[in-house]
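Reading through the structure tokens given below for one structure.
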Amino acid sequence: MSHEEKLSTDGYKGVRDFYPEAMAVQNHIFTVMRKAAEQFGYVEYATSVLEPAELYEVKSGEEIVRDQMYTFLDRGERRVALRPELTPSIARLVAARRRELSFPLRWYSIANMFRYERPQRGRLREHWQLNADLFGIPGPEAEIELLSLASHIMKAFGATDADFEIRINDRNALAENLTTRLKDPALLPDALRLLDKKDKIGPDEFETQWRTLSDGSWELPTVPPENVSRIMERLATLHCTNVTYAPLLTRGFDYYTGVVFEVFDTSTENPRSLFGGGRYDRLLEMFGVESVPTVGFGMGDVTIRDFLETHGLIPKYVSPVDLFICTLDPSFFDAAQELANRLRTQHVTVAVNLLDKKVGDQIAYADKHAIPFIICVGENEVKDRTYAVKRLSSGEEARLAESAIPEHIRNATA
Ligand code: HAM
């Protein structure tokens, strides 16, 4: 590189940097997800972002593998993928310990994944997903639990039932319904693909293409299959009133075997899919072990963030630092550091001034960084061991003994 050539400060296309304020939002999203998953009895696991590429080639939808996967050859000529999703990894973990694990398993993970997509609203090349999966329940109780968890998370973000809609279908029921009408059962994948784009291509084009697959006409089912009705009824008794039957919903992955669901934003400003999942009872078979019935979902951070923004649910930024200690002049640096260390043992997060600047400038600095409290250390404070703790947002001041500071701050920030 020549001397004049400067590096760009742009990151890689389609991935994000998180400056502290954006990181705080990200942490908020993860904290809500994690807390809800744990409240429902889910325990955390993690896997590597690197996986053998074959893991995805057997069962993930074709589009992901063909067009969206980041693959490379490592130095030993092995084909490696950056994970585009987590489901094959969790299946690998469960299959590897199929005999030792005691079912049902409730597992969750919050992990980043990579898809080579055209970056646009709601779609980036790196995103995070909460994955929650329940292994070992063949009946609709599993779907009910996962959808209750999904709904619980949305409400924990501050959403109401009116803000989002849970759409649900049974992919098997749709396939059976279609197969009886096709010229040849082998045309099923084509028929599913055609249905998937029905709204996009319009009724005339749909009719024309449908005729290449079938001799008769096809009516959209209006009554949900029995298992779907059951799930919807039970969810209603659990106060999820925003569940609707979506007869065309199939979702993109080949591994789903039954009920599938997808959650949508109801706002006209952000009419998008937020996250989805479904039942995949046979994925473990690709590892040559006996399968385990499983239901799960993946909830992405990008779409959730857009949802929270649309509905005004992003919390105001507050610094993770509780207190900034100002110094009257540099001769008080040591006293300030000692005070900071004592307060840190009492779980107060503290940053200390290190510059020879006017107290006014130090306070302005704390304010700019959204640190809620300041103390100024000078002669009197060192002598009396009492401090004026000032809340910057209100200007309110309390003169306190050192031992009373942690509680004062905790009460105010709780
Ligand atoms: P998916 O629908 O491909 O399903 O992804 C789940 C969610 O991840 C999406 O609804 C969206 O929120 C987010 N997401 C996916 N791709 C992107 C992207 N390029 N940019 C931003 N967000 C994205 C799965 O991945 C399944 N493995 C979920 C699952 C878990 N099924 C059962 N268990």
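Atoms within a ligand are numbered from 1 in the order they appear, just like the ligands themselves. Everything numeric here is computed off the predicted structure, so don't read it as measured data.
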Is [Y] paired with [X] through a side-chain N to carboxylate O contact shorter than 4.0 Å?
X: D67; Y: R115; answer: no
X: D281; Y: R279; answer: yes
X: D301; Y: R16; answer: yes
X: R79; Y: E57; answer: yes
X: E145; Y: R106; answer: yes

Check ligand 1 against [X] and write out every atom of the ligand that is under 4.0 Å from a heavy-atom position of the residue.
X: L274; result: 10 (O), 11 (C), 12 (O)
X: N131; result: 30 (C)
X: T87; result: 26 (C), 27 (N), 29 (C), 30 (C), 31 (N), 32 (C), 33 (N)
X: V302; result: 21 (C)

Tell me which part of [X] gets within contact of ligand 1: side chain, backbone, both or neither, using heavy atoms under 4.0 Å.
X: D133; answer: side chain
X: R251; answer: side chain
X: E85; answer: side chain

Mind checking whether V263 and R167 have side chains closer than 4.5 Å, heavy atoms only? no
I want to check something: taking the side chain as every heavy atom from C-beta on, are L235 and I144 in contact at a cut-off of under 4.5 Å? yes
Heavy-atom nearest option to [atom], drawn from [options]:
atom: atom 17 (C) of ligand 1; options: H127, M299, R118; answer: H127
atom: atom 25 (O) of ligand 1; options: R83, M113, R115; answer: R115
atom: atom 31 (N) of ligand 1; options: Y256, F297, F114; answer: Y256
atom: atom 26 (C) of ligand 1; options: Y280, Y255, F261; answer: Y255

Quiz item: cation-pi between R125 and Y116, 6.0 Å / 45°: yes
Tell me whether ligand 1 is touched by G122 - counting only heavy atoms on the residue side and a distance under 4.0 Å. yes
Has Q68 got any heavy atom lying under 4.0 angstrom from an atom of ligand 1? no
Scan side-chain atoms only and decide if N177 and W218 contain a donor-acceptor pair under the 3.5 Å cut-off. yes
Identify the closest protein heavy atom to [atom]: which residue and atom is it, and at what distance?
atom: atom 20 (N) of ligand 1; result: L124 N, 2.9 Å
atom: atom 19 (N) of ligand 1; result: E117 OE2, 2.5 Å
atom: atom 8 (O) of ligand 1; result: Q129 NE2, 3.0 Å
atom: atom 24 (C) of ligand 1; result: F253 CE1, 3.3 Å
atom: atom 7 (C) of ligand 1; result: G298 O, 3.4 Å
atom: atom 10 (O) of ligand 1; result: F275 CA, 3.1 Å

Quick check: [Y] with [X] (ring centres under 6.0 Å apart)?
X: W128; Y: F114; value: no
X: F373; Y: F324; value: no
X: Y255; Y: Y280; value: yes

